[in-house]
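To start, the structure under review is shown below, and the notes come after it.
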Amino acid sequence: MVEEARPSAPSAGSGGLARSGSAAKALRPTVLSEVQAPRVARLRTGIGELDRVLGGGLVPGSLVLLGGSPGIGKSTITTSALGNLAAAGNKVLYVSGEESAAQVRLRAERLGAGAMSVPIVAETDLDTVVATVEAERPDVCVVDSVQVLHAGALTGAPGSVGQVREVAGRLMRTAKQRGTAIVLVGHVTKEGALAGPRVLEHLVDCVLSFEGERERTYRTLRALKNRFGSTNEAGVFEMRDEGLVEVEDASARFVAEATREPGSVVLCAMEGSRPLLVEVQALVAPTELVPPRRMANGVDRNRLALVLAVLARHAGVQVGSADVFVSLAGGVRVDEPAADLAIALAVASATRGVPLGRGHKPLAAFGELGLTGELRHAAHPDRRLAEARKFGLEGVLHPGERLPHLRSALAAGLAPQAARDRAA
Ligand code: TYD
Ligand code: MG
C-alpha cells in the first residue's frame, strides 16, 4: 500500500459531473519547428568527468538523481561540485538531511577551499527545505538525501515510496519554477532495490549512478537516463585522501598495472562510448570441494559459468575439479558480453600456467563467445583497437576471419613464446 497526498485544491462538484461537463479549453498544437527553445548555458561543475556524463554540465531548472550505495562518495562529489560552482560565481545551497553541518564541514575541509565556501542547512522537513530554496533561490541545490526528507502531509516513514515520491515531486516543481538545478542524492542497495531512487526514475530529468566497491579505489559514474544528453557516457574516479579525483587515463593505469603472469589478460572494454583497457585476472586452483567454487568480481557470475562451459566443451580446457576465481582490476565492473574472450583466455592461461602476451607487453583481447565456441562480433571494434594501439598493445585477439573460433584464439594466445616471436 502506498500512501499519496491528496491534491489540496477543492474538486469542482462531484467527480463524475466535472469530467463530463468539462470547462477546459482545447489547445492549439504548435509545430515543433515553431516552438521557442532558448539555448540555456549549462552550469559547469568543474569536475570534468561529471560534466561529461551530464552532457556538458547541469541544465538550469533540471532535477538530477544521483544514486549509489552508501559510502561510495555521493556526498563527496556533490560537495566538491558545489564548491567549484560557488567559486565560479554561482549561488549554491547544500541541504544535508543525513549529516550535521559540522560533519559536512569536516568532509569539506579535506576537499579544499572551494568546498568550505558552500552554504549549508541541515534539515529534514520538506516544507522547510522548499521554503528555504524559494527564499534563497540558488542556481544549484543539492539535497542529501531524498530518503531522509519528510513530507508532513504524509504519515509514512521517511524513505517509504509515498514519501520519496512526494519529496521528489515537490522539489521538481520548485526546480522548474525557480530555475534551480536540484541534485537529489539517493541510496540504493547492492541489488538496486529499496524504495527510493528506482521509483523516481521516470520523474527526474537525469539519473546518474555511482558504482564501484567501497573497499576499492575506482568508481564509475554513469548516466542511466539523460533528457539533455547521451546515456553512453561514463566517468572514472579514484577515492583519495583529498576526495574524489578524476581518472582521465584509466587505461594507461590499468595497462601499466597488468601483471603479465599466467592468468592475466587485458580486456578492451567499452565504458559507454569510451574505450577502457582493464586487466582481467583468473586463478584456477585444484580443490576437493564439490561443487568447486566459482567466484566472479566485476563480471557476471552467469557469464563466467557460460565461458567455463564453452571452454570445457569446445576448447578442451577442463576446470571441473578446480576452484575458479575471475576478477577485474581496480573494482571495475564490465557487463558487456565482449568480455567473454578475455575471461576465457585468462582462465585457459591460468589452467595451463602459460603467460599470455609477448615480451614485456600484456596481451589484449575482446569478443563475445557463442554457445558453439564461435567468436562473435562486438560493438565498436575500431575504437577498442585504437585504444589498445594507443598504449602499445599490438596483436589484439578479436573476432574476425583469422579468429573464427575460441580454439583459434587460444592457439594464438597460448602458443609458446618462441612461436609467437616467430609469428611477430
Ligand atoms: P561519502 O561521500 O560520505 O559517501 P556517500 O555520501 O556516498 O555515502 O564518502 C564515502 C567514503 O569516502 C567515506 O567512507 C570516506 C571516504 N573519503 C575519502 O577516502 N577521502 C575523502 O576525501 C573523503 C571526503 C571521503
Ligand atoms: Mg552521504
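Position 1 is the first residue of the sequence, and the numbers go up from there. Because the structure is predicted, anything quoted here is derived from the model rather than measured. All ligand and atom numbering here is 1-based and tracks the order in the structure.
Only the backbone of Asp241 comes within 4.0 Å of ligand 1, counting heavy atoms alone; no side-chain atom from C-beta on gets that close.
The closest donor-acceptor contact from the side chain of Ser69 to the backbone of Val188 lies at 3.5 Å or more, if one exists at all. No side-chain donor-acceptor contact under 3.5 Å links Arg222 to the backbone of Glu211. Between the Arg178 side chain and the Glu136 main chain, no donor and acceptor come within less than 3.5 Å of each other.
Rounding to the nearest 0.5 angstrom, the gap separating the CD atom in Glu134 from the CD atom in Gln177 is 6.5 Å. Rounding to the nearest 0.5 Å gives a distance of 9.5 Å between CZ of Arg110 and CD of Glu242.
Of the polar atoms of Gly71, at least one N or O is found under 3.5 Å from an N or O of ligand 1, judged by distance alone. Here's the thing with Lys74: one of its N/O atoms is less than 3.5 angstrom from an N/O atom of ligand 1. The N/O atoms of Glu99, backbone and side chain alike, include none that comes under 3.5 Å of an N/O atom in ligand 1.
The protein atom (non-hydrogen) at minimum distance from atom 2 (O) of ligand 1 is Thr76 OG1, 2.5 Å. Of all protein heavy atoms, the one lying nearest to atom 4 (O) of ligand 1 is Gly73 N, 3.1 Å. Of the protein's non-hydrogen atoms, Ser75 OG, 2.6 Å is the one closest to atom 6 (O) of ligand 1. The closest protein non-hydrogen atom to atom 3 (O) of ligand 1 is Arg107 NH2, 2.8 Å. In terms of protein heavy-atom proximity, atom 12 (O) of ligand 1 is nearest to Met239 CE, 3.0 Å. Closest to atom 15 (C) of ligand 1, if we only count protein heavy atoms, is Arg110 NH1, 4.8 Å.
Proximity of Thr76 to Met239: side-chain heavy atoms (C-beta onward) are separated by under 4.5 Å at one or more points. Here the side chains of His187 and Pro70 are in contact, with some heavy-atom distance below 4.5 Å.
Near Pro70, the atoms of ligand 1 lying under 4.0 angstrom from a non-hydrogen atom of the residue are 8 (O). For ligand 1 and Ile72, the ligand atoms under 4.0 Å from any heavy atom of the residue are 4 (O), 7 (O). Close approach of ligand 1 to Gly243 is summarised as follows: ligand atoms under 4.0 Å from at least one heavy atom of the residue are 20 (N), 21 (C), 22 (O).
A salt bridge does not link Glu387 with Arg383: none of the charged nitrogens is closer than 4.0 Å to a carboxylate oxygen. Salt bridge Arg303/Asp335: absent, no basic N to carboxylate O contact under 4.0 Å. Salt bridge status for Glu394 with Lys361: absent, with no side-chain N to carboxylate O gap under 4.0 Å.
Backbone or side-chain N, O or S atoms of Ser145 do not reach the Mg ion (ligand 2) at under 2.8 Å.
Within a 4.0 Å radius of atom 10 (C) of ligand 1, the protein contributes one or more non-hydrogen atoms. Atom 18 (C) of ligand 1 is flagged as protein-proximal [any protein heavy atom, distance under 4.0 Å].
A heavy-atom separation below 4.0 Å is found between Arg240 and ligand 1.
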> Under the salt bridge (Lys or Arg N to Asp or Glu O under 4.0 Å) criterion, do Arg384 and Glu336 qualify, and how do the steps go?
Replying inline: CA-CA 13 Å; Arg384 297 177 202 255; Glu336 51 167 4; 2.9 Å; yes

